Amino acid sequence: MKTIIEPFRIKVVEPIRMTTPEERASLLAEAGYNVFLLRSEDVLLDLLTDSGTSAMSAEQWAGIMRGDESYAGSPSYYRFEEAVKEVFGFEQVIPTHQGRAAERILFETLCGPGDLVPSNTHFDTTRANVEAVGAQAVDLLVPEGLLPAEPHPFKGNLDVDRLRELLEEEGVDRVPLVMLTLTNNSGGGQPVSMANIREVSQLCRSHGIPLYMDACRFAENSYLIRLREEGYSDRPVAEIAREIFSYADGCTMSAKKDGLANIGGFVATNDAELARKQRNILILTEGFPTYGGLAGRDLEAIAIGLREVLDEDYLEYRLASVRYLGERIAAGGVPIVQPPGGHAVYIDAAAFLPHIPPLELPGQTVVTELYIEGGIRGVEVGTVMFGRRDPKTGEERPAPMELVRLALPRRVYTQSHVDFMVEAILDFADRKESVGGDRFTYQEEVLRHFTARFEPLD
Ligand code: F0G
């Protein structure tokens with residue numbers, strides 16, 4: 001059979017409230033044209049994020065009932081710890097309420113002012129946590145990672161030559177760790193190859209620098225290695241994942257992604273002394289080491305999710321559904337980051353709406369038009385999110401790319417939902433010349449995309 005089906009049946013359903021384009025246009029105007037300010041009941045297909053939005057399995061719900069809420073030494077913690085050790089192979093496992101809490105603990109214990117933390121690309125919360133301890137986050141992505149239309153199997157790779165140069169020029173002592181984000185969310189959900197991971201690891205080990213993974217989407221990255229990298233097509237995905245982490249000294253994880261859970265995360269390491277320091281911070285801000293920032297029931301859901309996410313039928317369906325959405329809209333003439341990544345399709349709004357200059361926010365226009373057209377909520381990853389405004393002159397600097405991310409929640413939407421997305425996007429493409437850009441009417445200095453308000457320019 002050529003058709004890949006969703007490898008699950010649906011046992012519980014959540015109704016979607018149908019709305020018309022007219023209703024949506026008025027709801028959007030009320031929300032100041034910012035889709036973050038919409039009520040989620042007013043969204044038909046919510047592609048804002050794949051984080052915390054996964055559908056849990058019957059086994060995970062059963063685990064929720066089994067969750068033991070003892071303050072210390074809960075069996076739920078030990079099941080969680082065993083799952084993390086089995087999947088990732090690290091000795092020390094510290095639960096946190098989500099990924100950014102793990103990041104904060106990692107950087108607080110490893111870095112200080114003046115340090116440099118290289119990565120393929122830091123996710124926003126990772127960058128913010130590096131900067132919060134006075135260190136500097138440095139992105140060293142391979143050049144093809146910044147060319148949306150250029151198909152390349154591993155556009156998430158770190159540029160090893162630039163890392164070598166940085167170590168020579170700045171000195172090894174300034175670099176307390178190197179990170180790799182798997183997959184590279186900010187750069188289109190693109191994977192990192194095993195060859196690149198191995199090379200980065202060898203370079204780090206030759207200088208005694210620890211390598212940490214941002215493991216949020218480790219299973220998707222592992223499966224993309226199996227699909228795209230020579231020598232891996234017959235290897236079980238769980239084995240590929242273990243190989244990845246064998247090259248690292250630890251990881252941070254948001255279980256809201258490839259943990260298939262609605263909340264949770266952890267930091268893991270092989271360094272017992274570091275873990276001791278980390279547990280002290282954990283107690284101060286998250287909780288006792290056997291629950292971190294989580295309820296026992298959450299630990300159970302994650303323990304089960306981390307094993308389920310490596311199921312190969314699931315991963316085949318997962319990657320096929322992202323590819324299906326990407327290939328169908330690309331065939332209809334919509335420019336996307338090629339090839340489609342692990343968790344999302346990224347529309348290249350600058351190429352899609354070339355009549356709208358970056359400072360008139362083409363990505364914001366795509367986001368609002370897709371909501372009106374099909375009730376689809378995506379997210380702008382361009383000048384609204386990453387552009388910078390001079391606080392004195394008010395002058396705007398555009399972001400390097402104008403992307404719109406359509407993130408697919410895990411196990412939530414069926415193929416007919418995806419067909420509906422394709423139809424809505426292509427219907428908008430037919431009338432795209434008639435739309436103009438947008439402008440800010442209100443913005444905050446920090447993380448402005450969450451609260452900004454806009455006005456269409458036409
Ligand atoms: N690292 C990456 C690569 C992420 O994508 C995220 C979250 C985090 C770390 C932080 O994890 O949210 O549990 O604190 N990404 C979400 C997204 C918010 O929509 O891509 P968290």
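What you see is a predicted model; the values in this text were computed from it and never measured. Whatever order the structure lists them in is the order used to number ligands and atoms, beginning at 1.
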Discussion item. Under 4.0 Å from a heavy atom of T181: which atoms of ligand 1 are those, numbered in the order shown and with their elements?
Written reply: 3 (C)
Worksheet entry | Which residue and heavy atom of the protein sit nearest atom 18 (C) of ligand 1, plus the separation | F123 CZ, 4.0 Å
Worksheet item: Given D124, L182, N185, which one has a non-hydrogen atom that is nearest to atom 5 (O) of ligand 1?
Response: N185
Practice prompt. Enumerate the atoms of ligand 1 whose separation from the nearest heavy atom of G99 is less than 4.0 angstrom.
Written response: 11 (O), 13 (O), 14 (O), 21 (P)
Worksheet item: Any idea which atoms of ligand 1 are less than 4.0 Å away from a heavy-atom of R405?
Response: 17 (C), 19 (O), 20 (O)
Discussion item. Over 60° means perpendicular and under 30° means parallel, so tell me whether F80 and Y77 are parallel, tilted or perpendicular.
Written reply: tilted
Worksheet entry | Nitrogen or oxygen atoms of R100 and ligand 1 under 3.5 Å apart | yes
Worksheet entry | Contacting atoms of ligand 1, where contact means under 4.0 angstrom from a heavy atom of T125 | 8 (C), 9 (C), 10 (C)
Worksheet item: Should you measure from each heavy atom of K256, which atoms of ligand 1 turn up under 4.0 Å away?
Response: 13 (O)
Discussion item. Do T126 and F123 make a side-chain contact, defined as non-hydrogen atoms from C-beta onward lying under 4.5 Å apart?
Written reply: yes
Worksheet item: Should D214 be counted as touching ligand 1, given the test is an N or O pair under 3.5 Å?
Response: yes
Discussion item. Give the atom numbers and elements of ligand 1 that come within less than 4.0 Å of a heavy atom of T49.
Written reply: 17 (C), 19 (O)
Worksheet, complete the sentence: The closest protein heavy-atom partner of atom 16 (C) of ligand 1 is K257 NZ, 3.5 Å
Discussion item. Test your reading of the structure: does S254 have an N or O sitting under 3.5 Å from an N or O of ligand 1?
Written reply: yes
Worksheet item: Under 3.5 Å, N or O to N or O, is D50 touching ligand 1 that way?
Response: no
Discussion item. Does only the side chain of R127 get under 4.0 Å from ligand 1, or the backbone, or both, or neither? Count heavy atoms.
Written reply: neither
Discussion item. Once you measure the plane-to-plane angle for F245 and F88, does it fall in the parallel (<30°), tilted (30-60°) or perpendicular (>60°) bin?
Written reply: perpendicular
Practice prompt. Could you find the nearest protein heavy atom to atom 9 (C) of ligand 1 and give me its residue, atom name and distance?
Written response: E103 OE2, 3.1 Å
Discussion item. Checking H449 against N34: is there a side-chain donor and acceptor pair closer than 3.5 Å?
Written reply: no
Worksheet item: Using a distance-only test with no angle check, is there a side-chain donor-acceptor pair under 3.5 angstrom linking K277 and T109?
Response: no
Fill in: Residues, nucleotides or ligands: over 12 heavy atoms within 6.0 Å of Q443 CD
yes
Item to complete: Verify whether the ring centers belonging to F454 and Y442 lie closer than 6.0 Å.
Response: no
Practice prompt. Could you tell me whether some N/O pair between T183 and ligand 1 is separated by less than 3.5 angstrom?
Written response: no
Worksheet entry | Q98 N/O to ligand 1 N/O under 3.5 Å | yes
Item to complete: Search all heavy atoms of R405 against all heavy atoms of Y346 and return the closest pair with its distance.
Response: CD-OH, 3.3 Å
Worksheet entry | Nearest non-hydrogen partners of L282 and P289, listed with the distance | CD2-CA, 3.6 Å
Worksheet item: Taking only residues two or more places apart in sequence, or in another chain, which ones meet R323 in a salt bridge (charged side-chain N to carboxylate O under 4.0 Å, His left out)?
Response: none
Worksheet item: Does R397 CZ have over 12 foreign heavy atoms under 6.0 Å away?
Response: no
Response to the item:
Note: heavy atom closest to atom 2 (C) of ligand 1, options G259, C216, A407, belongs to C216
Worksheet item: With atoms numbered from 1 as shown, which atoms in ligand 1 lie under 4.0 angstrom from a non-hydrogen atom of R217?
Response: 3 (C), 4 (C), 5 (O), 20 (O)
Worksheet entry | Pair E41 + R17: basic N to acidic O under 4.0 Å | no
